[in-house]
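Okay, structure first, notes after.
Since the model is a prediction, treat every value here as computed from it, not as a measurement. Just so we're on the same page: letters track the sequence lines, and every chain starts at 1.
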Amino acid sequence: MPELPEMETYRNLFSHNIINKPITDVEINREKSINKPVKDFISHVQGKTISSVKRRAKHLIFELNSGQNLLLHLMLGGSMFLGEDRNSPDRTKQVILSFGDLKLYFIGLRLGYLHLLTNEELEEKMTKLGPEPLSLSLEDFDKMISKKTGGLKPILVDQKFIAGIGNCYSDEIGFEAKLHPLKKAKDLTGEQRRSLYRAIKTVLKGAIDTGGYMDHPMYEGDEKTGGYNDQRLVYEREGKNCFRCGTKIERVESSTLKSFYCPSCQR
DNA sequence: AGGGCAACCCGGACGC
DNA sequence: TGCGTCCGGGTTGCCC
């Protein structure tokens, strides 16, 4: 599922392609994807321009020149495609924003949504999220993790703790830090807390640089998106050999969370 | 605070 | 091929 690096990749693309272009048409094929009556939503968005695209955790925020915002969360299975009717994926598009011939397709929105929000409404939603991992200082991280008692996996994917990390990258971070996913935060040494902090940055930055782990291209001829798929060291590699030591990768479940890890490298 | 779990939803995987 | 069934996954909210 799209996590921070995937959303950052989208943000990057959009910040070059759809800024300040008039939204000529809005098509809603799934009412549940939006938060207003279809008529109201369209009449507000149509004719406006997007003045900037920001990312917060796994959300994208399209700032409209009207002062309102479109808040996007892809949740599970959601993706976007920037292109034209002749080259767009043959899938149901829940929402389409047109910029003349260029169109932004929202695909696979099931639990995902595109909500029209005022600055105040947006602010209220965003303050519930924890800090951005890439701008978090070691001092702050150390303070936060030191207050925790639970397992590392649930802590890493908790959006109120740090926002933007999901199933895939939490496992990759655990491997990078050589820490077992169910190890309790209170049992970490100072060195292990630093190691975890560094792993968060290393893994997320590395994933952004290589295009994330998603497999849907973002535009025609897109070769970069999904480049991280080949670099996953543990996520969904159950039964395969650890690239570091050769031990078979295992999978552990606690409650509804599953984790992939190397039983030899991660303690 | 943390662990457990149900609900939300439907594309895709799987079985026949 | 086609139809039915079931599951996964991020998030929220509620329980203990």
Side-chain angles (χ1 to χ4, degrees), chain A residues 1-10 28-35 55-61 71-81 88-96 105-115 117 121-122 124-133 141 143-174 179-188 193 204 207 212-217 226 228-229 232 234-238 251-260:
Chain A
M1 298 308 106
E3 302 178 28
L4 184 152
E6 288 70 36
M7 300 315 285
E8 187 61 24
T9 308
Y10 279 123
I28 309 291
N29 298 314
R30 179 177 177 272
E31 286 193 54
K32 287 181 178 175
S33 297
I34 59 174
N35 62 332
R55 181 191 59 73
R56 175 76 168 99
K58 305 176 189 174
H59 304 262
L60 275 197
I61 300 160
L71 176 68
L72 169 78
H73 197 309
L74 292 175
M75 294 282 239
L76 43 146
S79 63
M80 289 176 280
F81 185 86
S88 73
D90 185 19
R91 296 183 54 192
T92 307
K93 291 115 178 176
Q94 285 78 16
V95 178
I96 305 174
Y105 304 91
F106 297 83
I107 299 163
L109 295 185
R110 286 182 260 169
L111 298 183
Y113 53 83
L114 185 68
H115 284 179
L117 302 176
E121 291 167 332
L122 179 68
E124 185 180 342
K125 280 204 91 158
M126 298 298 101
T127 49
K128 291 177 185 161
L129 296 169
E132 284 291 319
F141 176 78
K143 258 181 237 163
M144 290 161 55
I145 194 86
S146 297
K147 289 182 193 143
K148 292 296 212 172
T149 60
L152 294 185
K153 173 77 175 192
I155 291 173
L156 285 174
V157 300
D158 179 2
Q159 301 301 297
K160 292 188 289 304
F161 180 69
I162 293 178
I165 299 171
N167 246 322
C168 173
Y169 294 112
S170 59
D171 285 359
E172 297 298 323
I173 288 165
L179 294 168
H180 191 286
L182 301 185
K183 188 176 181 74
K184 302 290 183 192
K186 61 178 163 51
D187 296 334
L188 294 178
R193 291 198 295 273
L204 294 179
Y213 77 99
M214 288 200 309
D215 39 23
H216 299 297
Y228 188 79
N229 277 330
R232 285 178 292 114
V234 287
Y235 184 65
E236 294 197 329
R237 293 195 66 244
E238 183 183 15
R251 171 184 144 137
V252 62
E253 271 183 67
S254 74
S255 182
T256 49
L257 279 176
K258 65 173 192 215
S259 307
F260 298 90

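- Residues A/T149 and A/K184 have side chains not in contact (no heavy-atom distance under 4.5 Å, counting atoms from C-beta outward).
- Residue A/R56 contributes atom CZ, which lies 18 Å from atom P of C/dG10 at whole-angstrom precision.
- Taking the six-membered ring where the residue is Trp, A/Y113 and A/H73 present tilted rings, their angle falling between 30° and 60°.
- Residue A/K148 contributes atom NZ, which lies 8 Å from atom C1' of B/dG2 at whole-angstrom precision.
- Place A/G151 and A/M75 on DNA chain B by their nearest nucleotides, and A/G151 ends up nearer the 5' end.
- Rounded to whole Å, atom P of C/dT11 lies 11 Å from atom CG of A/L257.
- A distance-only check finds no donor-acceptor pair linking the side chain of A/E172 to the backbone of A/S170 [under 3.5 Å].
- A/Q159 has a side-chain polar atom (N or O) that falls below the 4.0 Å cut-off from OP1 or OP2 of C/dT11.
- Ranking B/dG4, B/dG11, B/dC9 by closeness to the A/S255 side chain, first place goes to B/dG4.
- When the nucleotides B/dA1, C/dT11, B/dG12 are ranked by their closest atom to the side chain of A/R91, B/dG12 comes out on top.
- Protein atom CD of A/E253 is 14 Å distant from nucleotide atom C1' of B/dG4, rounded to whole Å.
- Remark on DNA chain C: of its neighbouring residues A/Y235 and A/K128, the 5'-side contact belongs to A/Y235, judged by nearest-heavy-atom nucleotide.
- Among the atoms of the strands shown, only primed sugar atoms or phosphate atoms (P, OP1, OP2) are found under 4.0 Å from some heavy atom of A/K258.
- A/F161 places its CZ atom 17 Å from the P atom of C/dT12, with the value rounded to the nearest Å.
- Here A/E6 lies out of heavy-atom contact (under 4.0 Å) with every strand.
- A close approach under 4.0 Å does occur between a side-chain nitrogen or oxygen of A/T149 and OP1 or OP2 of B/dG2.
- The residue A/K184 sits close only to the backbone: its heavy atoms come under 4.0 Å of sugar-phosphate atoms, none of a base.
- Taking for each of A/T256 and A/R110 the nucleotide of DNA chain C with the nearest heavy atom, the 5'-most of the two is the partner of A/R110.
- Atom pair A/K160:NZ and C/dT11:P shows a separation of 10 Å (rounding to whole Å applied).
- The CE atom of A/M7 sits 4.0 Å away from the CG atom of A/L74 when rounded to the nearest 0.5 Å.
- Atom-to-atom, CD of A/E31 to C1' of B/dC9 comes out at 16 Å; the value is rounded to the nearest Å.
- Between A/K58 and C/dT11 there is a side-chain N or O to OP1 or OP2 distance below 4.0 Å.
- Put simply, NE2 on A/H73 is 9 Å from P on C/dG10, counting in whole angstrom units.
- For the pair A/I107 and A/H216, the minimum side-chain heavy-atom distance is 4.5 Å or more.
- Nucleic acid contact for A/G77: none, since no nucleic acid atom lies under 4.0 Å from a heavy atom of the residue.
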